[in-house]
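Protein chains get the first letters and strands the later ones, always in sequence-line order, with residue 1 at the start of each.
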Protein chains: 2
Amino acid sequence: MGDALEGTIALRVVVALRDDIVSMALKPGDVISESDIAGRYGVSRQPVREAFIRLAQQGLLLIRPKRATVVKKISPDGVRQSRFIRESIEVEIIRRVASHPGPNVGDVLGKLIADQEAASSANDSRRFHKLDELFHRTLARLAGVEYAWQLIDDHKMQLDRVRYLTLGVSSSQRAIAEHKQIAEAVGKGDVEAAEAAMRAHLGRAEVLLTQTIEDFPDYFE
Amino acid sequence: MGDALEGTIALRVVVALRDDIVSMALKPGDVISESDIAGRYGVSRQPVREAFIRLAQQGLLLIRPKRATVVKKISPDGVRQSRFIRESIEVEIIRRVASHPGPNVGDVLGKLIADQEAASSANDSRRFHKLDELFHRTLARLAGVEYAWQLIDDHKMQLDRVRYLTLGVSSSQRAIAEHKQIAEAVGKGDVEAAEAAMRAHLGRAEVLLTQTIEDFPDYFE
DNA sequence: GACAGTCATCTACCATACAAGATTGCGGAA
DNA sequence: TTCCGCAATCTTGTATGGTAGATGACTGTC
């Protein structure tokens, strides 16, 4: 998927660096300098500097004045609170959707789940991940708060870094089953069941975090 | 309150511009250029440019490449969703605090409310606003998710711009009464009552928005 | 050998100069 | 008068040079 030239140089550097960071090609604690990245991409230091500022505001980089810039280590407490934020919003979303379900909500969600099953059977984990994200984003759209999902998306990068460290353990079958539970409760208009299913779905990643910290202590602060 | 020299020039420009924007000294739709601001503050274009990037990421500025930079107009739908986000998180916070109230929670909240009453009597609206914010922030701290409040704070700037347009209508007495209701429910450990009181408290601003849009249509998109 | 002071070298920060696109207004033609 | 086209002049984007501060190693001293 060559998205080579989109807008300014600074934006290109942003997406390139962000991909490197969330994919763990740049590991937490790695030190990078403006000159270093500029030389690596064959551009000036100025766009790189602006990219650093953007990524620092997103919590992926830590700019230390007059010293150096490092890939921010993952904060366990930050991950906890990012999950808290996500759960708060997604629970409110699912309550809205379940209490006022549109006519074809069941069909839309059902199709997404079917696609996920296909991706799972084909062992296409990347597509599976995309569809998983789309499932939650669709719920936000159905609730009329798609913009709120962008907020979750920003903070989800922290969680994605952890997820990347635990690849293969994902047990996509379980996730699909949980999505089915959610969709079913929404179709019935059962608010309480939908909330419970969503909390269970989101809460499952909790144990993964503590395990990951033990496996990769250097990546956490 | 002279906070003249704190860190870099870029940071100073950031806080200066942000204050001007939320206080409506810079109105939505106003066009500003890097050179303009640079000349006004007697600095180079470079730090101003970096400040623009930060403020654009916070949703206060809109940088139009090769054209100009404008103070972003207030998006009614954005305000709605910011309120949705805030309500989602604060409800989850109040449920946590109410279900596991610490020993001296009542005293802490009671003192804050008393201070608010004092500020209200003295007609010190600025201090009242500060204390109002501190009340909610304290609840976040009691729930162990103070970082989540920073997130709310970022998005609260959008609401604050609206609030600034409706100054004087605030009816601080009513806000204090609602804070008392919340604190009381928390003290009793009544989760449902606490949630209801918080929703009522946050939902009160709804009517203000539609009224404000009619009064200042040029500031909204 | 251990330690303190100094200096080379790295960093992010700031200023300035140049480039490229977009807008606006002016001028000429129909 | 109206409309089309061109150019002066805005804007942001990019490149480069210089500066101050922090780090670390090296040297001189005890």
Checking A:D115 now: which residues fulfil salt bridge (charged side-chain N to carboxylate O under 4.0 Å, His left out) with it, not counting sequence neighbours?
A:K111

Kindly write out the residues that satisfy ring pair (Phe, Tyr, Trp, His ring centres under 6.0 Å) with B:Y41, not counting sequence neighbours, or none if the list is empty.
none

Taking only residues two or more places apart in sequence or in another chain, which ones pass salt bridge (charged side-chain N to carboxylate O under 4.0 Å, His left out) with B:D77?
B:R80

Set of residues satisfying salt bridge (charged side-chain N to carboxylate O under 4.0 Å, His left out) with respect to A:D160, sequence neighbours excluded
A:K156, A:R163

Determine which pairs satisfy salt bridge (charged side-chain N to carboxylate O under 4.0 Å, His left out) with at least one residue from residues 44-53 of chain B, sequence neighbours left out, and list them in order.
A:R49-B:E50, A:E50-B:R49, B:E34-B:R45, B:E34-B:R49

My understanding is that only residues two or more places apart in sequence, or in another chain, count here; which of them pass ring pair (Phe, Tyr, Trp, His ring centres under 6.0 Å) with A:Y147?
none

Can you name the residues that form a salt bridge (charged side-chain N to carboxylate O under 4.0 Å, His left out) with A:E221, not counting sequence neighbours?
none

As a check of understanding: the bend across the helix from C:dG1-D:dC30 to C:dA30-D:dT1, end axes from five pairs, rounded to 10 degrees, works out to 10°

Taking protein heavy atoms under 4.0 Å as touching, what does nucleotides 11-16 of chain D look like 5' to 3' if B marks base contact, S marks sugar-phosphate-only contact and - marks none?
BBBBBB

Donor-acceptor pairs are to be reported for all side-chain atoms of residues 84-92 of chain A against protein atoms at under 3.5 Å, with residues two or more places apart or in another chain.
| from | atom 1 | to | atom 2 | distance (Å) |
| --- | --- | --- | --- | --- |
| A:R86 | NE | A:E90 | OE2 | 2.7 |
| A:R86 | NH2 | A:E90 | OE2 | 3.2 |
| A:E87 | OE2 | A:R199 | NH1 | 2.8 |
| A:S88 | OG | A:F84 | O | 2.8 |
| A:E90 | OE1 | A:H136 | ND1 | 3.1 |
| A:E90 | OE2 | A:H136 | ND1 | 3.3 |
| A:E92 | OE1 | B:R199 | NH2 | 3.3 |
| A:E92 | OE2 | B:R199 | NH1 | 2.8 |
| A:E92 | OE2 | B:R199 | NH2 | 3.3 |

Extract, from 5' to 3' on DNA chain C, the first and final nucleotides lying under 4.0 angstrom from some heavy atom of chain A.
C:dT11 to C:dC13

Scan the side chains in residues 65-74 of chain B for donor-acceptor partners under 3.5 Å anywhere in the protein, sequence neighbours excluded, and list what turns up.
| from | atom 1 | to | atom 2 | distance (Å) |
| --- | --- | --- | --- | --- |
| B:K73 | NZ | B:D218 | O | 3.2 |

In terms of ring plane angle, is the pair B:H179 and B:H201 parallel, tilted or perpendicular, where the classes change at 30° and 60°?
perpendicular

